[in-house]
Undergrad: 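Just passing along the structure, written as structure tokens.
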Amino acid sequence: MPAVDAQADFPALEQAVLERWRERDVFRESLRRREGAPGWVFYEGPPTANGRPGSHHVLSRVFKDIFPRFKTMRGFYVERKGGWDCHGLPVEIAVEQQLGISSKEQIEAYGIAEFNQRCRESVFAFLEEWDALTERIGFWIDLDAAYRTLDTEYVESVWWALAQIHARGLLYEGHKVVPYCPRCGTALSSHEVALGYRDVIDPSVYVRLGVRDVAGSPLRDGDALVVWTTTPWTLVSNAAVAVHPDLSYVRARAEAGDEVLVVAEALVERVLGEGAQVLERFTGRDLEGVAYDAPFAFIPASEYGARGHTVLPADFVTAQDGTGLVHTAIAFGEDDFQLGRRFDLAVVNPVRPDGTYDERVGPHAGRFVKDADRDLVEDLRARGKLLRATDHEHAYPHCWRCSTPLLYYAKPSWYIATSQVRDRLLAANETVTWHPEHIKHGRFGDWLEHNVDWALSRERYWGTPLPVWRCPAGHVHVVASLGELEERSSVALDDPHRPYVDDVTFACTEDCTEEMARVPEVIDVWFDSGAMPFAQYAAPLSEAGREHFEDRFPAQFVCEALDQTRGWFYSLLAISTLLYDRAPYENVVCLGLILDAEGQKMSKSRGNTVAPWDVIERFGADAFRWYFFTSKQPWDGYRFSMETIGEGVRLFLRQLWNTLVFFSTYHPEEGVEPVETDLDAWARSRLAATVEEVTERLDAYDATTAGRAIAAFVDDLSNWYVRRSRRRFWEGDPAAFATLRECLVTVAKLLAPFTPFIADELYEQLGAGEPSVHLCDWPQEDPSRPRDGELEHAMAVARETVRLGLSARGTAKVKVRQPLHEAVLVAAGRERAAIERLAGVVREELNVKQLRFVAQADELGSYTVKPNYRALGPRFGKGMPQVAAAVGALDPDGVAAALREGRTVGVMVDGHEHELSVGDLLLALAPLEGYQLEREGSHAVALELALDDDLRREGLAREVVHAVQAARKAAGLAVEDRIALTLGGDEGLLDAARAHEAYVTGETLAVELAYDGRADGQEAHIEGRELRIGVTKA
RNA sequence: GGGCGAUUAGCUCAGUCGGUCAGAGCGCUUCUCUGAUAAGGAAGAGGUCGGUGGUUCGAGUCCACCAUCGCCCA
């Protein structure tokens, strides 16, 4: 093969690979080759293309890529259909900003048709950049056939799903309390609410409410209930006070005061201060029905119904904070609302949609409610109803686009009764494998446990229209398709969006003469994306689509960021459970957040985002991918920095590449006998082990460990196999080439899902047959070459021995270039056999003439003996300290001798004799004077440091070679150039060179060697002696 | 306020079943090797494994509480 460029520029190389993929149509070919194979299904969670893709999109896209690639190579047919999320408030807001408007009135004045047309265009504003980035990072997905949630067929599938849900009685209009932005005039989704929490200071007020009707209760006239709130503006519509029926309450008097107040017993001190005097105890149940005077008189009790301004029992009340008595304003809190519904209290809302009080709240009418807080508190104080007022700092939700504090409003909305299928949701979740595992019963399972009905409708414009038609008599019909709509109305719509669909009416489907018209709302975008398993194929309305869907449901794999637990992961599960009573996915990988180098969340507003293109241009897509896959477990999140990615390039990709460069530098020689060595067998065994581990980890969706296993193998290959085998490559041993080639080709395949560019270039350079590595089958263990565990162990021992020997040299400050006579090794049994098997390797690495084994350490050091806790702990339990003491008192050399001979050693514990055998004790070596010795556990290497003249000369000869090599390099010669060499200078050095002339010429590729020391040569100094070197290309 | 997760060397992270191993890489210092490598090898400095209790013969690992950070929710 031709020589590979060692300085290859990876980003440029990747561009060339991309070009090759296009030319050879590799992605489609990889699918064609698996036609008819068992399917493995991946669902693409659709992004919205109305903003630039960021690094976090690269993260999710590369994880969405790796497993489909892996499964394809494993023999599955893995369709990868792209998708785009097209609807929703984020799109509307972007368009509002373009238009410079910010309210519903302005949108309607602009015209819904025009507005929605703008939205339709804006959705794909950055489609080109998305497509370009997707291709550039090697995410193989079919973007041509991508589903789009705005397409008519897609909308129809969604309608069909809603009709199914309605047919089961699970779609209803309900009054619930929703977070609402008074400025924007719409309810917000929980997602949007989560974007806007902010710490604010609100008044914290304790209000006393005098009781009126105490008959049958433990209270007396003149007592007052104490309630607490941080939203004084809701007090004007106080409807009731809630207590927990089982909680203990008291009548009590503050130390200083004489009034009798009612609070939860647990909160007496917090509310009334130390020294409060408890007069009487009772449970909340006893308070039920007690009437009280409302904090404000704007709205009379009668408006609320029979139980207005009385004490009601409620399970949600706690004694955690406040007073244990909860101010209840039906329209402004979910708990309040449910309580009101239960006790038949009317919803009285004196707040207008724009967040101001209406005329019922006399002096405050027309004011924004939160602005009235302070005045209302003063009013309470003036009328003696205020017990205490302080400031309270807490997180409060604000509109994420206009910063207005949100209000919680009871408003009519359409809901899906998911809470009725909660058990089925939980059962479906049980069938899912989550990564990381704790999501299953943690964040996600917990969320399902507390499932509430899905607030489906949005009072907005750009979305899938809610297909609910209703007549003035209140009959409701849900339309399941455009075909049905046309049948009923004789109107054929091309575009199902607003405003066109708003005008379509038809005769009531019930026994009724009225005309049905569509309700004005659109639906939550999360329903769109959650419907993708069938809607992406226009199923079930299209017959072909239905078949596609049935073949591809459920998915084996979905992957998104952690925040999708309450988003897409939930909407998928909910819809799938409602329609098919099963989970839509089998394996979920959750990805963590991307943080900047300081650990701050990346966001546009902070301006600390890292543009993906910068990374790609500097290091390449593979480097980016490799960083995400292997730097850490993906769900833990990333601290993102260019430097870390650069490190990965240097340590892994560069190392791999240079191994290829080395391979391409030499060529097998004709006529050289292949000699397969232990090193070859070792490399292949390590390769097999790596294939096994990578396969196993990828099957478990663990790219991190899998990738690190590949890196460990490449390191072994480069820094041990190649380093140890260099001479065989120079000499052209075909066995070495075959081994390295096999390793590199297999690494290319293992790496294909991780770093598809470099893997493919590696494969291409090695000329391994297919047009692309991505068309290969995944490597499998070769039954004729099983793993050789004994050899892997032997090599590990040999490398450890070398490490100890080099350490000994380092300590003695004897250069490796200086040969030594002997290394003395303490090793026995399996270890000794291992070192003997690989003695050549050990001798060369340590540069010693011979190895001598001693089975016992007596010659080199003395033993110490320690108890093996792992073996003895379970046996002796509490007796371990005594055992340890007894073992410590043993004579180590005696123990060593006994164990060597297979005898046991006795110790006395608690007056009983116990026999300890070889596994119960750990022997370690202590060094003895006189040798340079390194030890670890029972294993040691000592070096004989004495030099004779022969060794010295040989050492000098190696110094000469070293100097000549430096001269070669300085002369700019290529590694394979043959030279004419002349040496001159110090006689001792020349003597050494003469004595080892074959070695010197062989190492330096000198075809001639003269000792006349020409004057134009380079000068070197070796141990203070001068050497003149002349190097010319021969 | 609740739920979940995290906390190990200056930085980025491993650490399996509770056992005698407190680790790797990067960075730093000093050597060294080089016929592929911006590479490799050796030595050194750098740690109360966030804290406090508990369980246990034995805790980085299990439990409780606390602190800090993050995410989700209220």
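Every chain is numbered from 1 and lettered A, B, ... according to where its sequence line falls, protein lines coming before strand lines. This structure is a prediction, so every number in the text was calculated from the model and none was measured.
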Undergrad: Checking ring-ring contact (aromatic ring centres under 6.0 Å, His included) for the pair F569(A)/F444(A): CA distance, chi angles, key distance, verdict?
TA: CA-CA 9 Å; F569(A) 293 149; F444(A) 195 67; 7.3 Å; no
Undergrad: Could you tell me if the side chain of L59(A) sits less than 4.5 Å from the side chain of Y638(A), heavy atoms only?
TA: yes
Undergrad: For the residue pair F652(A) and W626(A), does the interplanar ring angle fall in the parallel (under 30°), tilted (30 to 60°) or perpendicular (over 60°) class?
TA: parallel
Undergrad: Rounded off to whole Å, could you give me the CD1-to-C1' distance for the I439(A) and C73(B) pair?
TA: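 In whole Å, C73(B) C1' lies 14 Å from I439(A) CD1.
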Undergrad: Go through RNA chain B and write down every stem, that is, every run of at least three consecutive Watson-Crick or G-U wobble pairs with distances under 3.5 Å, as range with range.
TA: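 Ordered by first number, the stems with RNA chain B (at least 3 consecutive pairs each) read B:1-7 with B:67-73, B:10-13 with B:23-26, B:28-32 with B:40-44, B:50-54 with B:62-66.
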Undergrad: Among R799(A), R803(A), R723(A), whose salt bridge (charged side-chain N to carboxylate O under 4.0 Å, His left out) with E845(A) holds?
TA: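 Only one option passes, and that is R723(A).
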Undergrad: In whole angstrom, give the distance that lies between atom CD1 of I645(A) and atom C1' of C13(B).
TA: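 My rounded result for the distance is 16 Å.
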Undergrad: Does Y408(A) or L651(A) map to a spot on RNA chain B nearer the 5' end, using the closest nucleotide for each?
TA: L651(A)
Undergrad: Whole angstroms only, please: what is the NE2-P distance between H914(A) and C57(B)?
TA: 16 Å
Undergrad: Would Y869(A) count as stacking on U20(B) if stacking means ring centres less than 5.5 angstrom apart and planes tilted under 30 degrees?
TA: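 Yes; by the centre-distance and plane-angle rule, Y869(A) counts as stacking on U20(B).
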Undergrad: Within the structure provided, determine whether L448(A) and Y570(A) are in side-chain contact (heavy-atom separation under 4.5 Å).
TA: yes
Undergrad: Using a heavy-atom cut-off of under 4.0 Å over every strand shown, decide if R968(A) touches base, sugar-phosphate, or nothing.
TA: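 The residue R968(A) makes no contact with any strand.
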Undergrad: Using whole Å, what does the distance between atom C1' of nucleotide U16(B) and atom CD of E693(A) come to?
TA: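 One finds 12 Å between C1' of U16(B) and CD of E693(A), rounded.
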Undergrad: If I take atom CZ in residue R708(A) and atom C1' in nucleotide G23(B), what distance separates them, rounded to the nearest angstrom?
TA: 13 Å
Undergrad: Between C65(B) and A6(B), how far apart are the two P atoms, rounded to whole Å?
TA: 16 Å
Undergrad: Sticking with atom P, work out how far U29(B) lies from G19(B), rounded to a whole angstrom.
TA: 38 Å
Undergrad: Does the side chain of W526(A) reach to within under 4.5 Å of the side chain of Q564(A), using non-hydrogen atoms?
TA: yes
Undergrad: Using atom C1' in both nucleotides, what's the gap between C57(B) and G51(B) to the nearest angstrom?
TA: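 These two C1' atoms come out 26 Å apart once rounded.
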Undergrad: If you measure from the C1' atom in A67(B) to the same atom in G15(B), how many Å do you get, rounded?
TA: 24 Å
Undergrad: Flag this pair as yes if the NZ/CZ of R618(A) is under 6.0 angstrom from the six-membered ring centre of F624(A) and inside a 45 degree cone about the axis; otherwise no.
TA: no
Undergrad: Can you check the distance between G54(B) and G47(B), where both ends of the measurement are the P atom (answer in whole Å)?
TA: 27 Å
Undergrad: Is there, by distance only and without an angle test, a donor paired with an acceptor across the side chain of R443(A) and the base of C71(B) below 3.5 Å?
TA: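 Under the 3.5 Å cut-off, the side chain and the base do form a donor-acceptor pair.
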Undergrad: Using 4.0 Å as the upper bound for N to carboxylate O, is an ion pair formed by E1003(A) and R958(A)?
TA: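 E1003(A) and R958(A): not salt-bridged.
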Undergrad: Under 3.5 Å between N/O atoms: give me all the protein pairs with nucleotides 28-37 of chain B, atom names plus distance.
TA:
residue	atom	partner	partner atom	Å
C33(B)	OP1	R817(A)	NE	3.3
C33(B)	OP1	R817(A)	NH1	2.9
C33(B)	OP1	R817(A)	NH2	3.0
C33(B)	OP2	R817(A)	NH1	3.2
C33(B)	OP2	R817(A)	NH2	3.1
C33(B)	O5'	R817(A)	NH1	3.4
U34(B)	OP2	R817(A)	NH1	2.8
U34(B)	OP2	H962(A)	ND1	2.9
G35(B)	OP1	Q965(A)	NE2	2.9
G35(B)	N7	E1003(A)	O	2.8
G35(B)	O6	G1002(A)	O	3.2
G35(B)	N3	W730(A)	NE1	3.4
A36(B)	OP1	R726(A)	NH1	3.2
A36(B)	OP2	Y666(A)	OH	3.4
A36(B)	N6	S718(A)	O	2.6
A36(B)	N1	S718(A)	OG	3.1
A36(B)	N3	N658(A)	O	3.0
U37(B)	O2'	N658(A)	ND2	2.9

Undergrad: Taking atom P in both U7(B) and G60(B), compute the distance separating them and give it to the nearest angstrom.
TA: 15 Å
Undergrad: Can you tell me which residue among T1001(A), V960(A), V964(A), V1007(A) is in a side-chain contact (heavy atoms from CB on, under 4.5 Å) with L981(A)?
TA: V964(A)
Undergrad: For the P atoms, the ones on A43(B) and on C33(B), what distance do you get once it is rounded to whole angstrom?
TA: 16 Å
Undergrad: Find out whether L766(A) and L660(A) are in side-chain contact, i.e. whether some heavy atom of one side chain is under 4.5 Å from a heavy atom of the other.
TA: yes
Undergrad: Can you check the W657(A) CH2 to A38(B) C1' distance for me, whole Å?
TA: 16 Å
Undergrad: Give me the distance, rounded to whole Å, that separates G44(B) from G5(B) when you measure between the C1' atoms they each carry.
TA: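 Roughly 37 Å separates the two C1' atoms.
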Undergrad: Taking atom C1' of G41(B) as reference, at what distance in whole Å does atom CZ of R724(A) sit?
TA: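 Atom-to-atom, R724(A) to G41(B), this comes out as 13 Å.
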Undergrad: What is the distance, to the nearest angstrom, from the NE2 atom on H441(A) to the P atom on G5(B)?
TA: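 So the NE2-P distance, H441(A) to G5(B), works out to 13 Å.
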